[in-house]
Amino acid sequence: MRHIRHILVVVVLLLSSCMRWEYGSQEHFNMLGEGLFITNEGNFTFGGASLSYYQPTTNHLENEVFQRANAMRLGDVAQSMVVRNGIGWVVVNNSHVLFAIDTETFREVGRITDLPSPRYIAFASDEKAYVSQIDSDRIIVVNPKTYSITGEIVCPMTTPYRTGSTEQMVVVGDYLYVACWSYQKRVLKIDTRTDEVVDYADIAIQPKSIVA
């Protein structure tokens, strides 16, 4: 009988540990008007990333809106977010995923998975976007409409010390400009019609941010 009690205790503990990812029912949001999304990274490997929403006109702040709207955590390291056509694209670096959410309800409408180490997303059109990677010399090409990976671009790096690193990007006309960051010193120019690197410039060490 003593052995049976021990087995039951183990089973209960295992079941309780699995339940830590269960967060109950979804909340319903309907945020109309202007607002700001705030990505909260959380500690690396702790899975504590979250998303907040702030309305400046009313000074109203809602925290953990992704978790509350979807009954699941956002993941590990919310690196960046872009809003396009009513959809918010949240790049979650160490969870290797890109979430698409409705900007009024915060509900997930799609996701792109199996990304190596995603950092930022830049759109060339409604059917083509680029996702930079911190631990890869490849930029991943995705189709936002089908939530699928459609290709990759191998980037020429300046040092073999790391496998490569691409960071922030910006689209100007038909070209994508990419900052090559960690242990790199290069800005790339990529033709969005062919997805080929057509030029680059070596500058100061570790360029990270880029805007137009």
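Worth knowing before you read on, the calculation uses all heavy atoms, side chains too, and leaves out hydrogens, waters and symmetry mates. Positions are given from 1, in the same order as the sequence printed here.
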Measuring from [X]:[atom1] to [Y]:[atom2], what's the distance to the nearest 0.5 Å?
X	Y	atom1	atom2	value
Glu27	Thr105	CD	OG1	12.5 Å
Thr150	Glu127	OG1	CD	10.5 Å
Asp199	Leu188	CG	CG	9.5 Å
Lys208	Glu167	NZ	CD	4.5 Å

Is there any ring pair (Phe, Tyr, Trp, His ring centres under 6.0 Å) pair reaching into residues 192-212, and which pairs are they, with sequence neighbours excluded?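 Those involving residues 192-212 do not exist here.
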
If you compare all heavy atoms of [X] against all heavy atoms of [Y], which two are closest, and at what distance to 0.1 Å?
X	Y	value
Gly88	Thr103	N-CG2, 3.5 Å
Pro118	His96	CD-CA, 3.9 Å
Lys185	Pro207	CA-CD, 3.7 Å
Arg186	Asp202	NE-OD1, 2.6 Å

Under 3.5 Å donor-acceptor, [X] side chain and [Y] backbone:
X	Y	value
Glu41	Ala78	no
Asp102	Glu104	yes
Gln184	Thr158	yes
Glu62	Tyr53	no
Ser165	Ser182	yes
Thr166	Ser132	no
Ser117	Gln133	no

Using the rule that two of Ile, Leu, Val, Met, Phe, Trp, Tyr join whenever any of their side-chain heavy atoms come within less than 4.5 Å, decide whether [X] and [Y] are in one cluster.
X	Y	value
Phe99	Tyr147	no
Val83	Phe106	yes
Met72	Val90	yes
Val109	Val131	yes
Val91	Ile149	yes

For Val65 and Met31, what are the C-alpha separation, side-chain angles and deciding distance, and is it a side-chain contact (heavy atoms from CB on, under 4.5 Å)? CA-CA 11 Å; Val65 294; Met31 295 296 184; over 6 Å; no

[Y] side chain reached by [X] side chain, heavy atoms, under 4.5 Å:
X	Y	value
Arg68	Phe29	yes
Asn63	Ser50	no
Met81	Leu51	yes
Phe123	Val82	yes

Once ring-ring contact (aromatic ring centres under 6.0 Å, His included) is applied, do any residues pair with Tyr130, and if so which ones, sequence neighbours excluded?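 Testing Tyr130 for ring-ring contact (aromatic ring centres under 6.0 Å, His included), a comparison that skips the adjacent residues, returns none.
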
What pairs of residues pass the side chain to side chain donor-acceptor pair (under 3.5 Å) test when at least one of them lies in residues 28-39, not counting sequence neighbours?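 Counting only pairs at least two positions apart or across chains, the side chain to side chain donor-acceptor pair (under 3.5 Å) contacts touching residues 28-39 are His28-Arg107.
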
Applying side chain to side chain donor-acceptor pair (under 3.5 Å), which residue pairs with at least one partner in residues 77-91 are found, sequence neighbours left out?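 Those involving residues 77-91 are Gln79-Arg119, Gln79-Tyr120, Arg84-Asp126, Asn85-Asp126.
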
Applying side chain to side chain donor-acceptor pair (under 3.5 Å) between Asp76 and each of Thr45, Asn94, Asn93, report the one that passes.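 With Asp76 as partner, side chain to side chain donor-acceptor pair (under 3.5 Å) holds for just one option, Asn94.
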
Extract all donor-acceptor atom pairs below 3.5 Å that involve side chains of residues 136-145 and protein atoms in other chains or at least two apart in sequence.
unit_1: Ser136; atom_1: OG; unit_2: Arg138; atom_2: N; d: 3.1
unit_1: Arg138; atom_1: NE; unit_2: Glu152; atom_2: OE2; d: 2.8
unit_1: Asn143; atom_1: OD1; unit_2: Lys145; atom_2: N; d: 2.9
unit_1: Asn143; atom_1: OD1; unit_2: Thr146; atom_2: N; d: 3.4

Near-ring test Phe37/Phe66, centroid separation under 6.0 angstrom: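 Distance test on ring centres: not under 6.0 Å, no.
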
Can Asn40 and Ser52 be counted as having a side-chain donor-acceptor contact under 3.5 angstrom?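 Distance-only check passes for Asn40 and Ser52.
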
Please output the side-chain donor-acceptor pairs of residues 171-181 that fall under 3.5 Å, not counting sequence neighbours, one pair per line with the distance.
unit_1: Asp174; atom_1: OD2; unit_2: Arg193; atom_2: NH1; d: 3.3
unit_1: Tyr175; atom_1: OH; unit_2: Arg193; atom_2: NH2; d: 3.3

